[in-house]
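Remarks on the structure that follows.
First listed ligand is number 1; within each ligand, the first listed atom is number 1. Worth knowing before you read on, the calculation uses all heavy atoms, side chains too, and leaves out hydrogens, waters and symmetry mates.
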Amino acid sequence: MGNLLIVGAGPVGTAAARAAIEDQAVDRVVGVVDPDPAARHELEVLTGAPGYASTADLPTGAAGDRAIVAFSSNAEKVAPAIDRLASAGYHAVTTCEGLAWPDRHIWKAMHAAARSNGRVIIVTGANPGFIMDKFPLLAATASRGVTSITVNRRVNSADRRLSLVEKTGRGLTPEEFAAGLSAGRLAKQGLVGSIKLLAHGLKWPSHDIKESIEPIIVDGLVTGLDHHVRLRSAGRTIELNLTLDWDLEDCYDEIHIEGDPPLHIRLDGGYHGDRGTTTQLVSALRHCTELEPAFYRPIDLPLRIG
Ligand SMILES: NC(=O)c1ccc[n+]([C@@H]2O[C@H](COP(=O)([O-])OP(=O)(O)OC[C@H]3O[C@@H](n4cnc5c(N)ncnc54)[C@H](OP(=O)(O)O)[C@@H]3O)[C@@H](O)[C@H]2O)c1
């Protein structure tokens, strides 16, 4: 099976390491990379693996060795770490939102790193990675002449990890929210990437994209946010609407597709993003050794592998 390295010992890396061992997707965890010794301590104790402050310090990986890379949404920060991991002999699976639809120069660099080192690089997750892109795209392939896709997602942030709650701006004043938004500290990254993945999968040119993010304010303080992205392409539209709010009731995921036949899919309660991400990561770990060396965005993976 091969060994596993965790790069970023936050809630996502930690949950994925536990699940990968439990599901026997890897033999063992052989290293935990995180600049913060306190953050990596839990996983070091759990797995008995040594800790490293940076990917620059890692030993060379053997065939089949894989890394989960879960430390930032920013492709400019994560791509160099993945490049180093591939050079050191590791396949890489990442939750980095910015890599779901990276700029062309990063896309090329990731392909070059994968191919020149004979390694697989997979970008996955729940959102982006599944519920607002890959899943509606799969549904859209079951309808002819699609003219519009609308995806509505309502998430109770009280049920999610702290780092996501912080991105909703909970507890901020409207002024602090506006400042945090323009500094790029708030909101779920990756919605624009998801809409581009969907348009790309439908072979629609993905021009004219509009994004808006509004705070939800109760008694003068922010409790969450409404995030909308809309794409128009030759009279056809895709709309992604995400509400992330504290103690939100009536949570669900909903997909409406106008085509022949029309489709309406509703998941009552909604797809749990944190647990879903763990599932996507473990599944991607399994695929690393079955795919041709390349860089795979969420919709690039075939449905049946092997
Ligand atoms: N696509 C999806 O569906 C999806 C779902 C969930 C999460 N995500 C993304 O996955 C990432 C991880 O999520 P999380 O909640 O676990 O994040 P987190 O709580 O921020 O934890 C990340 C950890 O990585 C550490 N770190 C920072 N720079 C590092 C580096 N260069 N190398 C190794 N470790 C480093 C951080 O240390 P410091 O705290 O000292 O910086 C922190 O301990 C986030 O970017 C999140 O947005 C994506």
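Nearest non-hydrogen protein atom to atom 42 (C) of ligand 1 is Asp34 OD2, 3.5 Å. In this structure, the protein non-hydrogen atom closest to atom 40 (O) of ligand 1 is Asp36 CB, 3.8 Å.
Between the side chain of Ser233 and the main chain of Pro205, a donor-acceptor pair closer than 3.5 Å is present. Counting only distance, with no hydrogens or angles, the side chain of Arg119 and the backbone of Gly89 share a donor-acceptor pair below 3.5 Å. Checking side-chain atoms of Asp300 against main-chain N and O of Arg297 turns up a donor-acceptor pair under 3.5 Å.
Under the 4.0 Å criterion applied to side-chain N and carboxylate O atoms, Asp260 and Arg144 are assigned as salt-bridge partners.
Where the criterion is an N or O separation shorter than 3.5 Å, residue side chain and backbone included, Pro128 meets it with respect to ligand 1. In terms of N/O distances under 3.5 Å, ligand 1 is approached by Ser163. Taking only nitrogen or oxygen atoms, main chain and side chain alike, Val12 reaches within less than 3.5 Å of ligand 1.
Minimum interatomic distance between Leu43 and Ala9 (heavy atoms only, all atoms of both residues): CD1-CB, 4.2 Å.
Tested against Met132, the residues Ile238, Leu198, Asn127 include a single side chain to side chain contact (heavy atoms under 4.5 Å, CB included) partner, Asn127.
Every atom of ligand 1 with a heavy atom of Ser73 under 4.0 Å away is listed here by number and element: 45 (O), 47 (O). Against a heavy-atom cut-off of under 4.0 Å, Thr124 is close to the following atoms of ligand 1: 1 (N). Against a heavy-atom cut-off of under 4.0 Å, Gly10 is close to the following atoms of ligand 1: 16 (O), 21 (O), 23 (C). For ligand 1, the atoms lying closer than 4.0 Å to a non-hydrogen atom of Gly125 are 1 (N), 2 (C), 3 (O).
Residue Arg161 touches ligand 1 through its side chain alone, judged by heavy-atom distances below 4.0 Å. At a 4.0 Å heavy-atom cut-off, ligand 1 does not touch Ser54 at all. At a heavy-atom cutoff of 4.0 Å, ligand 1 is contacted by no atom of Glu166, backbone or side chain. Here Ser72 has backbone heavy atoms under 4.0 Å from ligand 1, and that is the only part of it that gets that close. In Ala39, the part holding a heavy atom less than 4.0 Å from any atom of ligand 1 is the side chain. Residue-level proximity to ligand 1 for Thr95 is carried by backbone and side chain together, each with a heavy atom below 4.0 angstrom. Counting heavy atoms closer than 4.0 Å to ligand 1, residue Gln280 contributes nothing at all.
Remark: atom 3 (O) of ligand 1 lies closer than 4.0 Å to at least one protein heavy atom. Within a 4.0 Å radius of atom 20 (O) of ligand 1, the protein has no heavy atom. Put simply, atom 38 (P) of ligand 1 has no protein non-hydrogen atoms near it, under 4.0 Å away.
From Arg115, atom CZ reaches atom NE2 of His111 across 5.5 Å, with rounding to the nearest 0.5 Å.
Among Phe130, Phe71, Tyr52, the residue whose heavy atom lies closest to atom 31 (N) of ligand 1 is Phe71.
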